[in-house]
Number of protein chains: 2
Amino acid sequence: MPQANPVFVELTRADFVESRHRGACAVVDSTGTVVHAWGDIKALVYPRSALKPLQVLPLIESGAADHSGVSDEEIALACASHNSEPFHITRVTAWLKRIGLSVDDLECGVCESISLDVTKAMSQSGEVFSRVHNNCSGKHAGFLATALHLGEPTKNYIQPDHPVQSRVTRTLEDMTGTSLTAAPRGSDGCGIPVYALPLQAIATGMARMMADDLGEVRTKSTQRVLSAMASCPHCIAGHKRFDTRVIETTKGDVLVKGGAEGVHIAMIPALKLGIALKIDDGTIRASELAMGCVLDGLGFLSPEARQALADLIETPIHTTIGDKAGVMRKGPGLTF
Amino acid sequence: MPQANPVFVELTRADFVESRHRGACAVVDSTGTVVHAWGDIKALVYPRSALKPLQVLPLIESGAADHSGVSDEEIALACASHNSEPFHITRVTAWLKRIGLSVDDLECGVCESISLDVTKAMSQSGEVFSRVHNNCSGKHAGFLATALHLGEPTKNYIQPDHPVQSRVTRTLEDMTGTSLTAAPRGSDGCGIPVYALPLQAIATGMARMMADDLGEVRTKSTQRVLSAMASCPHCIAGHKRFDTRVIETTKGDVLVKGGAEGVHIAMIPALKLGIALKIDDGTIRASELAMGCVLDGLGFLSPEARQALADLIETPIHTTIGDKAGVMRKGPGLTF
């Protein structure tokens, strides 16, 4: 059994703590040095969708992005866990069409929107969810575009031994400085392989997006990803979502990306810092709040941003009548 | 900071553990003796909706239930966190009408269904959520019926100093053997007061539903609740829900009731045992699975029930494509 990590987030009802979430978090600079750490940052973690800013690099480095005129919005969609809003669906569908493919070429499964509002709106209009509504459909469009550009089969592009996935794996190994040969491997929600890495290595991979020693091709590629994420926050997640609000409010000074099972990463380009955190119990409410508190606690939010994002740092909990019943807030294990 | 409780539930992806939920659980007999315990069972816990089988007792003991011909279905609805299915809404609405009241007399707030299927169906049909759709509306109908019968004002029946709530509080003190005078008090989701009690006391309250020394009035009342819960499992929760499935499958041999923030109780009438469990992080997926594992581990499920409820004891996790990616299962801290 791994050690008990510190309490990152607690929920109160009146003045009494009702629930607690434990976690670990690493802040790493672009040389790979840990500058802050809470909990067991050596423990292996599946990075899930928080890894997308690294998974998109081969789309650019292969020349596929330039060749087929991929826009910043499309790069951001390839990094996204989007809400399946009409905004997202239109753009992913158009991208697939432009490269001569269709929704049927996507190998991610069908799933409902992350947003209850979108799911309700679709029920109301009678629209049916398809593969393009999968929150990962932009990432999959990027995989398809890369395979097509390199003359590889588009079929089975989600399989671990397909060149698309081998290329992504090599990129992850490069960026995180970690061999994945013997790493635990599972299937991510959208069907592609996912490897477990030390939390610290995930933070390192994010920090190295801003490193000085990446060489010309990769530097151009990482800069393109950072700039696409900064300029298209709505592509990354959607209406009311944590990632979109943080990137939008900070005008891209802080780039964030969440993943399933309580993983969240951040990149602070100006300071060349990468952050990775995991909530032990996998709860998104806690990983988002903990990331809000880390960004705030380390001073990465301007006073204006802090004010606009106050509910992401301490979230009021209301009764169904609308009275304030308590808060979700920073736990005692997250000290600065 | 409280101690770290044992890991009750773990999620795997391939063979690697991705997330972990910690918790505590007490199994108590009707004399108040702890017969099994995991984790810190002295720690205070808000029992939330898991307390409903005790909160309903004054409805029966006041004579209100007999006077206005309350059915077993209505008793079960007063113990319920229902799905707001048409089945539930019709019955709660009819109950209110029969006692000369309406949905407008309910003081619980409006909230969406616990069931995504119901929320989607309502979006599709254009039906609007009202107070009767609150999953606690049956409990509130019971509060109103009691106040009306005793000639108390129906207005403000959710306030801590209203006789309806004072009576419920005294009943809880009696059944759990715990003074609530100095207990932390918050507002529950539906607006009524909620007190934090030791987890062990919550289990005791449930076990004492089957005690021999309750006196005639209370014995009649507890028997009525047990029999209503056993005979109306669909009232308690709804389609596909844990509580409904367990009660239905065990034919009432095992009575279960979940609450918000990872609380779950069970009553085993034949063995006069009460169980209370809290997942530290408040996650329902974990409290339900842990309760399934406790019921199984202590041998409270017949081979047939165990087979029918297998997915509540070990839940497969699938990718969006439909491939099995891992499982949610009993953690190493839940030993039998």
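Being a predicted model, the structure only gives us computed values, none of them experimental. Protein chains get the first letters and strands the later ones, always in sequence-line order, with residue 1 at the start of each.
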Cut-off 4.5 Å, heavy atoms of chain A, and the answer for E107(B) is backbone

* Salt bridge check: are E261(B) and R285(A) linked by an N-O gap of less than 4.0 Å? -> yes

If one checks every heavy atom of D323(B) against chain A at 4.5 Å, the contacting part turns out to be neither

Going through the distances and angles, do T119(A) and T119(B) end up as a side chain to side chain contact (heavy atoms under 4.5 Å, CB included)? CA-CA 9 Å; T119(A) 298; T119(B) 298; over 6 Å; no

Residues R13(B) and Y46(A): closest non-hydrogen pair is O-OH, 2.7 Å

Exam field: side chain K120(A) to backbone M122(B), donor-acceptor pair closer than 3.5 Å: no

Q. Taking side chain as C-beta onward, heavy atoms only, is R22(A) less than 4.5 Å from R20(B)?
A. no

Applying a strict 4.5 Å limit to non-hydrogen atoms, the region of K324(B) in contact with chain A is neither

Quiz question: by atom type and distance under 3.5 Å, do the side chains of S19(A) and D281(B) form a donor-acceptor pair?
no

Practice problem: For side chain to side chain contact (heavy atoms under 4.5 Å, CB included), just list the numbers for E18(B) and V45(A), CA-CA rounded to whole Å, side-chain angles, deciding distance to a tenth of an Å, and then say yes or no. | Solution: CA-CA 7 Å; E18(B) 180 167 24; V45(A) 163; over 6 Å; no

Cut-off 4.5 Å, heavy atoms of chain A, and the answer for V263(B) is neither

To the nearest 0.5 Å, atom OG of S187(A) lies from atom NE2 of H318(B) at 11.5 Å

Residue from D15(A), N5(A), L44(A), N134(A) scoring the most non-hydrogen pairs under 4.5 Å with chain B is L44(A)

Flag, side chain of T320(B) to backbone of G189(A), donor-acceptor distance under 3.5 Å = yes

For D188(B) and T319(A), the nearest pair of non-hydrogen atoms, with its separation, is O-CG2, 3.4 Å

Ranked by heavy-atom pairs below 4.5 Å to chain B, first place among C190(A), S125(A), C136(A) goes to C190(A)

Turns out that what part of I317(B) lies under 4.5 Å from chain A's heavy atoms comes down to neither

Under 4.5 Å to a heavy atom of chain A? For R131(B) that would be neither

Rounded to the nearest 0.5 Å, the CG atom of D280(A) sits from the NE2 atom of H21(B) at a distance of 10.0 Å

Honestly, the part of V9(A) sitting under 4.5 Å from a heavy atom of chain B is neither

